[in-house]
Amino acid sequence: MSEVNTGSRLGGWTRFVTARPRLSLLVTLVITALAVFAGSGVADRMGSGGWADPDAESTYATQALEREFPASQPNLLLLVDSGSRSVDDPAVAAEAERLTARLAAEKGITGVGSYWQTKAPALRAEDGREALIAARIQGDEKDAAAVLDRIAPEFSGTQGSLEVAVGGPIAVQHDMQEIIQEDLLRAEMIALPVTLVLLVMVFGSAIAALLPLGVGIVAILGTNAVLRGLTEFTDVSIFAQNLTTALGLGLAIDYALFIVRRFREELAGGAEVRDALGTTLRTAGRTVLFSALTVAVSLAAMMVFPQYFLRSFAYAGIAVVLLAAAAALILLPAALMLLGPRVNALDLRQLLRRGRRTSAATEPSESVEEGAGWGRMAKLVMRRAPFFALGTTAVLVLLGLPFLGARFGTADYRQLPASADSRMVQEEIRDGFPGNPGGGLEVFTEGAATDSQYADYRARIAALPDVLRVDGPVTSGAHGYFTVLPKGEAVGPDTQQLVRDIRAEPAPFDTSVTGTAAMLVDSKGAIADRLPWALAIIMVVTLVLVFLLTGSVLIPIQAVVLNALSLTAMFGAMVWVFQDGHLSGLLGFTSTGDIETTVPVVMFCVAFGLSMDYGVFLLSRIKEEYERSGDHEDAVAFGVRKTGGLITAAAVILAVVMVAIGTSRVTNTKMLGLGLALAVLMDAMVVRSLLVPSVMKLTGKATWWAPGPLRRFHDRFGLSEGESKPAPEGHEDPAVRAPDQDSGQDSGQDSGQDSGRDSDRDRAGV
């Protein structure tokens, strides 16, 4: 039987990690110190883009234009303010030309052009007092950021009689990266002390409270080292660091809470330290390992997408989950072995007790008794199961309805706070300059063509709906490009359709279209093509893993459906708040009228994984009790009673970390943090407390059914947290049933004539 084999393996693991606990702690501290060194400076090597598909037509066209026509793809803009004089004043023009020449002489700068050189109307403000110098910084994001750091102080501010501000896409990305780093440090300073206070409230003991925090710090530092190594081989998004902090603290605290709580329960039951730790690792430790695998799979699904923004979250998520689990199963057992009953030391809650002296060793039993309220609530929910199941589902679906009106766009300068210099430059260009800055499309052409062929193609493009003007072609040998200005918004639906129309237009040469709207079309297409694969990976692996845990066919399906329902409030709030702009003043962001295309994918994968994390904790205890007693309703109530407070505490702590992340001044980070905080709270306080008990009551003992071949498969390969041997065939010992007056007639009926055969069969499957 797999139970024996698994228990034996975990018994060996227990002996391994507890044989030399001091050595284990020393090795962990040395590795952590090395991780601090290896991960230093990781943020400086990360990028702030990654939303484009590297294999898309728009990406190819952008790279080709940068190579053949650098001036066509400026990423650096100098906004020159001449004060009260006109930009056409000879003195202003002379000074501006000297500034342009200085910029062109800088290393790493190419394609420099200005209004004073070209007299292009688009480079001159409508009031005649501002004009632009455009250039391109060569290289990838990291190289470009280094060049910008070097030249920005030399070209911004007062330059003779002119005032110069630095903007453009590269400046926006640079500001975003710096702001995210500052905000992340502030979030950590907020989250760590608040988390410690909450852990003390959960455990009472200051010693026990410090253990989960230590596991989280080890996971975060280790993940930073992993990400630093990955930056040597691939692009990694700066946004992934937010996930590292959130999951590093959140999951490490979840896992450590579960293990420390179980260890304290075993000690309170009279077990010796080594025996208590062995039981803890064979039960809670097994669940932690199983949970980490399910979360990692949900995050790994983002690897199927080509955008490095999404892949970065997979890198960070997988690393931090596995490191959190490793720290919880190696570092934490060693610490518990050394502490023993002293894990309950420094009980700060005793200061609030009056006339009551309780030894720290009995604190776990008090915690268990406190869980009786969760058990009573579970029984109440099960007595009114149809009402709670239908009512809760209806409310969750209602909360998710705004997502039906979601509009998907691309991130721009409005992600930044209004005080950011690069945003102010972009807004000045948007409001003060003619045309549609940033909304133009470039059509790159390859192949020899005559002037008449170019003219014919230009006329056909100009005749398309929603085209304001077509400029060009600009040619160089067998290459050329046209600039198409749309009538509508830069990334609006009409402009996106215009991209498709241009691509469908036949030409006597090869063409490829780029521009902001083209990149959005390609990004949406890449996500739509690969999203079914990502969902399939998550669903199939979740179904298999939950089956291996429970031996049931129905429970995995329930887990997937209920997890999806737990995310509805998050997706509804995403649209209602961040797209439609409700609460934008309170939360301090500018609504763009759409949602960045990749963010819902990240939030789904992360939130689904966290939901599975809590689901595994609950199902493992329900299954453990069902194996022991064979009573379905009592097992559900037992599971909720044992884990309700634990899951809620873990969710609140994780929500605190997420809200701290959500204080970021960058809109996408704010949406990620606040959205995930809402998702975990809804999952813990609504789905696990109301939906799971009511649905499991409605499905009854059929919850544990599996066909013969799958039962035999589970017999061989399945896992379970329970250690109890099943009762003899056809026998149920009433002594093992939880004495509860609330179970009433229904519980007795559930354990009727079929209970012996069904429960023994189900228990044998584990």
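Taking each heavy atom of Ala564 and Phe608 in turn, the nearest pair found is N-CE1, 4.4 Å. For the residue pair Pro693 and Val381, the shortest heavy atom distance occurs at CB-CG1, 4.0 Å. Nearest heavy atom pair, residue Ala607 against residue Ala679, reads CB-CB, 4.1 Å. Minimum heavy-atom separation, Phe589 to His582: CZ-O, 4.4 Å. In terms of heavy-atom proximity, Gly250 sits nearest to Leu654 at CA-CD1, 3.3 Å. Nearest heavy-atom pair, Ser611 versus Asn563, reported as atom, atom and distance to 0.1 Å: OG-OD1, 2.8 Å.
Distance alone, capped at 3.5 Å, is enough to place a donor-acceptor pair between the Arg407 side chain and the Gly593 backbone. Panel note: side chain Thr294, backbone Ser291; a donor-acceptor pair is recorded below 3.5 Å. Checked by atom type and distance alone, the side chain of Gln241 never pairs as donor or acceptor with a backbone atom of Val42 at under 3.5 Å. A distance-only check finds no donor-acceptor pair linking the side chain of Ser664 to the backbone of Ile661 [under 3.5 Å]. Listed for the Ser694 side chain is no donor-acceptor partner under 3.5 Å among the backbone atoms of Met382. Under the 3.5 Å distance criterion, the side-chain polar atoms of Ser689 are matched with a main-chain donor or acceptor of Ala684. In this structure a side-chain-to-backbone donor-acceptor pair under 3.5 Å is present from His632 to Met696. A donor-acceptor pair under 3.5 Å links the side-chain atoms of Gln415 to the main chain of Asn668, judged by distance alone. Side-chain atoms of Lys670 come within 3.5 Å of backbone atoms of Leu587 as a donor-acceptor pair (strictly under, hydrogens ignored). No donor-acceptor pair under 3.5 Å is formed between the side chain of Glu625 and the backbone N or O of Val636.
Separation of atoms CD1 (Ile557) and CG (Leu562) is listed at 11.5 Å; rounding is to 0.5 Å. With rounding to the nearest 0.5 angstrom, the CG atom of Leu323 is 11.5 Å from the CD1 atom of Ile318. Atom CG of Leu310 and atom CG of Leu299 lie 12.0 Å apart (nearest 0.5 Å). Considering CD1 of Ile595 and OG1 of Thr410, their distance stands at 12.5 Å, rounded to 0.5 Å. Remark: Thr597 OG1 to Asp522 CG distance equals 11.0 Å, nearest 0.5 Å. To the nearest 0.5 Å, atom CZ of residue Phe547 and atom CD1 of residue Ile555 are 11.0 Å apart.
With a 4.5 Å cut-off on side-chain heavy atoms, Tyr308 and Thr234 do not count as touching. Phe239 has its side chain out of reach of Met46: every pair of non-hydrogen atoms, C-beta onward, lies at least 4.5 Å apart. The side-chain heavy atoms of Tyr614 and Val680, taken from C-beta on, include a pair separated by under 4.5 Å. Between Thr287 and Val616 there is a side-chain heavy-atom pair separated by less than 4.5 Å. With contacts defined as side-chain heavy-atom distances shorter than 4.5 Å, the pair Phe388/Arg383 does not qualify. Counting only heavy atoms from C-beta outward, the side chains of Asp580 and Ser591 never approach each other to under 4.5 Å. Between Ile253 and Val657 there is no side-chain heavy-atom pair separated by less than 4.5 Å. Between Ile217 and Ile220, the closest side-chain pair of non-hydrogen atoms is not below 4.5 Å.
With 3.5 Å as the limit, one finds a donor-acceptor pair spanning the side chains of Arg423 and Thr590. Looking only at atom types and distance, the side chain of Arg688 has no donor-acceptor partner in the side chain of Thr648 under 3.5 Å away.
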Under the side-chain contact (heavy atoms from CB on, under 4.5 Å) criterion, do Leu199 and Leu210 qualify, and how do the steps go?
CA-CA 8 Å; Leu199 286 170; Leu210 287 171; over 6 Å; no
Kindly determine whether Met519 and Trp51 satisfy side-chain contact (heavy atoms from CB on, under 4.5 Å), including the steps that lead there.
CA-CA 9 Å; Met519 290 180 178; Trp51 292 284; over 6 Å; no
Does the pair Thr703 and Thr550 meet the rule for a side-chain contact (heavy atoms from CB on, under 4.5 Å), with working shown?
CA-CA 10 Å; Thr703 302; Thr550 63; over 6 Å; no
When you look at Met603 and Leu672, which way does the side-chain contact (heavy atoms from CB on, under 4.5 Å) test go after all the steps?
CA-CA 7 Å; Met603 296 180 71; Leu672 182 70; 3.7 Å; yes
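In this pair, Tyr255 and Phe617 present their aromatic rings perpendicular. The plane angle is above 60°, beyond the 30 to 60° band. Ring geometry for Phe571 versus Phe403: interplanar angle of 30 to 60°, hence tilted.
A salt bridge links Glu624 with Arg262: the distance from a Lys NZ or Arg NE/NH1/NH2 to an Asp or Glu carboxylate oxygen falls below 4.0 Å. Lys524 and Asp53 are not joined by a salt bridge, as no carboxylate oxygen comes within less than 4.0 angstrom of a charged side-chain nitrogen.
Across Val226, Thr223, Leu249, a single residue satisfies side chain to side chain contact (heavy atoms under 4.5 Å, CB included) together with Thr244, and that is Thr223.
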